[in-house]
Amino acid sequence: MTTSSKTDLFVFGAHGQKPLHEHVTPHKVALLALIYEYCEMKKRDTTEPMIGIGHQVPGYMYQKFTETEKRDFMTTILKLLQSPDLSLKELLDQVQSILQPTLLDNFTDRLREFYMEGVLPFMDFFQELQRILQPNETVPDPVIVGSSVLGLFLRRMIHAFDKLSFSQVTKLYTRYKDYYEAFNTPLAAEESDNFGGSLIDSITSQCGLGKLTRSGLAKSFDPNNLGEGKFGEFEGGFYSHKQAEYFISRQGFLLQHNESEALAPTKLQEKITDMLKSNPDIAEAHFLSYLNNLRVREYCTAVHNLYHYFDRNNTLSGGNAMQVSSKNREEDNISRRYAALNLAALHFRFGHRDESLAALREAISMAQETNDHVCLQHALSWQHRIEEPGSARTASLMAQSIGKSLDLTLPNITSLGIQALARHNAFATAKPASVFDFLLKSDILNCQHSQSHFMCVSYAQKGALWNMYGKRENSSMSSQLVLNLDTSDSGIYHNGESVCISLCDIAKHFTDQGLFTAALDFIGTAKQRFPVHTQNAHIWMSCEQEILFEKNLLNNNWAAAEQAVNNLRGLDDDEACLRSAILNKEKGDIPTALTSLHNLMEKYRQNQSKYTPDYPCRVLLTLAELYIQTGNHTSALSHVLDCLTQAKEHHLQYIIAIATVHLAFIQFQMKLPEQALKLLHTQMVQILSHGSVYDQARTMYCYARCQVASNANSPPKERKTALLLAVNMIAMVIEKFQKIEASSRVKDATYYLARLYNELGYTSERNKCAYQFRQLDLQYPTQNRVMVNAL
């Protein structure tokens, strides 16, 4: 195989040469015309006497530019220079609102002149452009400085046009005619009608473009081969090299900071494909495609693009193997190390733990050979995430990573390492004070280096930890801080996973308060900020199904609750299994619920590191409730005690409080109301401060029943006082149950209130409660006996 045959695989463009970085396109010709006419009017501002705004100068019919108009024009031109080529309709839509009528007319007249007069004014125009960059007798200083953004653009276009042969200029003019005529195609007119009116006609009449007779879609061209005349459908999507670089950096930034602002996956892939046709030597486009495929979890294509990026990047930087310098060889080695590191991250994203560890070991080996400490720290931060979580080795790796990252001044890795260590300690029974002390250090580091993204992650993690520890009000405050942080960077606000988690946390907080409409409104906000095609959409999807399940379960809408469980199963199987068991318990299907709960406990014992500390506690409490409803107090007691032991070990105060209420209810059913009241007194403040409305109502209901039972043998006066206090408390219980639409619970509390009124001798109140109970019983009949014994 010859040398040329070997290099042909990685050499792009016609005749084995790389394509030029700049090409003259119809869109850029239009931009040049717009800049030229603006400069002509600016020269009149400097040569004519000062005239007030709104007064016309004889012979010129123009207005002086205001500072606002100048600023708007410059910002719009900068945006147009950096964006891909647009069609003439899109260009006019963007500039019409910022241009003075005179400037707009001059601009459209210039475009029409190009179209009507042929190639000669086309060539003369580029000669005139050079005058703008050169001083003359009338204007001593050039209108545009050659080293400015516009000056560099004009110089590049003039240089690119000078390189064209006459036949290529003719071809360019032909494409310009197609570009101009595409403004009046039937398709464009149809698109304008979709926006409520003939936008094309209004702009045409205002701009003076006139009606054209040629119909059908106009044609575009291959800028790398103007002489061959390849035609296709014109869409205005051509990228120069600089446009492609800006597009890649912009979309990559958006994918990291605000994915909803980036192009949709399908549209972005189309843009990348179009960009590679014009610039096949841009290896970064393949990495952008790799990031795009990660959004939709497309494994095969993501791997292909990742390999393609690093292979293409090495070849373009390395050149011929016999002539590779030591600098290029070092760049290739760095590229290979980070290629292995990215491959490890890719496998981890898709759950391939063994493959991820193998790629990570390869990256570590190569980094150690070349003494690349930065790459080693990146690899170490991934290693403690990929390896077995919760182990002592993982904690040691985290501590090493934090210390070395501080020495190397890597604040991002240091901050993430501290947050990961805080999470590890929280799950490893460390005291909450020490956990939040770690997060405080991370916050200080984030503020020192203005790492807004990591600040959001820190506050979201604080919210999750506060929620786990049972301080739900604190959790809500942390989540609100995430939403109120000023995270703007280059005009883009951070909108990542932490923001979605915070929105869902606040939605759950509203659900706990019985405000289901407000909760679903927050879910709607999350839907807008994280559309279905984004990679964080599964968070609000899971939260939405959990909220719908809670609402329908309380309202005894079994069909809707079961549908929510089925929808949740594809997003979070463990949570779906737990809620399915709860649903079966409420429906009275005891054997199925018992089997499901025991299976969940067995899965937890086999892989404890997979679950958060509160998950087994919730399963144990559900098992305890199941045994309570069936009258098996001994088994219920053992599960409640197991839950208390595990919750105290991990400092889960809210679960401790709820488990204590279950323990008190078991004692109440075992005819020990005095001991039950003592237990309830210890946890009442915690539940009323941070508990959900449902848990508050259940606790108060249990308290009222225990208080009445404990005064069964008291003197009549004390007995009546206890009954009156219980009546007031049950009234609040009914109000809380009504707030969350727990109709069956309202019925039970109403029945108990009627019994209290009956013992007090309040006949009218008793009859009223009895009537309400009757109405509720007709609407929500008791379907199984086990629900009567429920807490």
Side-chain angles (χ1 to χ4, degrees), residues 510-517 519-520 545-568 578-593 621-622 625-631 661-662 665 668-669 691-705 708 726-727 729-758 764-791:
F510 278 117
T511 302
D512 291 340
Q513 304 306 314
L515 305 174
F516 295 106
T517 302
L520 292 176
Q545 299 307 317
E546 291 173 5
I547 292 173
L548 293 176
F549 173 81
E550 296 293 337
K551 179 180 180 181
N552 292 299
L553 183 70
L554 293 173
N555 204 21
N556 292 348
N557 190 349
W558 310 132
E562 187 171 3
Q563 181 62 43
V565 170
N566 293 333
N567 295 338
L568 183 61
L578 177 57
R579 281 169 170 75
S580 178
I582 294 173
L583 178 60
N584 289 324
K585 174 179 70 72
E586 296 293 322
K587 291 166 62 177
D589 190 356
I590 302 301
T592 304
L621 281 180
T622 307
E625 290 179 0
L626 186 61
Y627 283 118
I628 289 173
Q629 291 176 200
T630 56
V661 173
H662 281 74
F665 188 72
F668 166 74
Q669 288 190 326
S692 64
V693 174
Y694 181 64
D695 289 337
Q696 290 176 12
R698 289 199 302 172
T699 303
M700 294 171 65
Y701 191 20
C702 180
Y703 185 89
R705 295 172 69 179
V708 171
V727 165
M729 189 167 288
I730 294 300
M732 289 189 290
V733 168
I734 292 175
E735 182 181 353
K736 289 181 180 296
F737 279 140
Q738 288 175 339
K739 183 178 181 180
I740 59 176
E741 302 177 9
S743 304
S744 61
R745 299 285 186 170
V746 173
K747 184 181 70 171
D748 294 341
T750 304
Y751 169 77
Y752 188 72
L753 183 60
R755 290 182 57 186
L756 293 177
Y757 279 132
N758 182 65
S764 60
E765 287 83 357
R766 179 203 64 187
N767 294 340
K768 181 179 179 181
C769 289
Y771 175 76
Q772 292 174 353
F773 172 81
R774 178 61 177 168
Q775 296 298 318
L776 289 170
D777 191 52
L778 291 175
Q779 297 180 30
Y780 307 98
T782 303
Q783 298 179 354
N784 55 80
R785 295 182 61 183
V786 296
M787 286 301 298
V788 179
N789 299 322
L791 172 62

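Being a predicted model, the structure only gives us computed values, none of them experimental. Computation of the quantities below employed the complete heavy-atom set of this structure, encompassing side-chain atoms and omitting hydrogens, waters and symmetry-equivalent molecules.
The two residues Phe549 and Ala561 have their closest heavy-atom pair at CD1-O, 3.6 Å. Between Ala754 and Ala770 the shortest heavy-atom distance is CB-N, 4.3 Å. Contact between Phe516 and Ile740 at its shortest, heavy atoms only, is CE1-O, 3.7 Å. Taking every heavy atom of both residues into account, Ile730 and Ala704 meet most closely at CD1-CB, 3.8 Å. Taking every heavy atom of both residues into account, Cys769 and Leu753 meet most closely at SG-CD2, 3.7 Å.
We find the CG-CG distance between Leu583 and Leu578 to be 11.5 Å, quoted to the nearest 0.5 Å. Residue Ile547 holds its CD1 atom at 5.5 Å from CG of Leu520, rounded to the nearest 0.5 Å. Interatomic distance, Tyr780 OH to Asn556 CG, rounded to the nearest 0.5 Å: 8.0 Å. Note that the NZ atom of Lys736 and the OG1 atom of Thr699 stand 10.5 Å from one another [nearest 0.5 Å]. Once rounded to the nearest 0.5 Å, the distance linking OG1 of Thr622 with CG of Asn584 reads 12.0 Å. Expressed to the nearest 0.5 Å, how far CZ of Phe737 lies from CZ of Arg745 amounts to 5.5 Å.
Other residues, nucleotides and ligands contribute only 12 or fewer heavy atoms inside 6.0 Å of the CZ atom of Arg755. For Gln775, the CD atom counts as densely surrounded, since its 6.0 Å shell holds more than 12 non-hydrogen atoms of other residues, nucleotides or ligands.
Applying the salt bridge (Lys or Arg N to Asp or Glu O under 4.0 Å) test to Lys747 and every residue at least two apart in sequence or in another chain returns Asp777.
The salt bridge (Lys or Arg N to Asp or Glu O under 4.0 Å) analysis of residues 557-566, with sequence neighbours excluded, yields no pairs.
For the pair Asn555 and Ser743, the minimum side-chain heavy-atom distance is below 4.5 Å. Considering only heavy atoms from C-beta on, Tyr752 comes within 4.5 Å of Val708 through its side chain. Side-chain atoms of Val693 and Asp512, non-hydrogen and from C-beta on, never get closer than 4.5 Å to each other. Between Trp558 and Glu586, the closest side-chain pair of non-hydrogen atoms falls below 4.5 Å. In this structure, Gln772 and Tyr751 have side chains that are not in contact, with every pair of non-hydrogen atoms separated by 4.5 Å or more.
For the pair Glu741 and Lys551, the salt-bridge criterion is not met [side-chain N within less than 4.0 Å of a carboxylate O].
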May I have the step-by-step check of side-chain contact (heavy atoms from CB on, under 4.5 Å) for Met732 and Gln696, ending in yes or no?
-> CA-CA 10 Å; Met732 289 189 290; Gln696 290 176 12; over 6 Å; no

Could you please spell out the steps behind the side-chain contact (heavy atoms from CB on, under 4.5 Å) verdict for Glu546 and Arg579?
-> CA-CA 9 Å; Glu546 291 173 5; Arg579 281 169 170 75; 3.8 Å; yes

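A cation-pi contact links Arg705 to Tyr701, judged by a cut-off of 6.0 Å to the six-membered ring centre and 45° from its axis.
In this structure, the side chain of Asp695 does not engage the main chain of Gly691 through any donor-acceptor pair within 3.5 Å. Of the possible donor and acceptor atoms, none in the side chain of Thr592 sits under 3.5 Å from a partner among the backbone N and O of Asp589.
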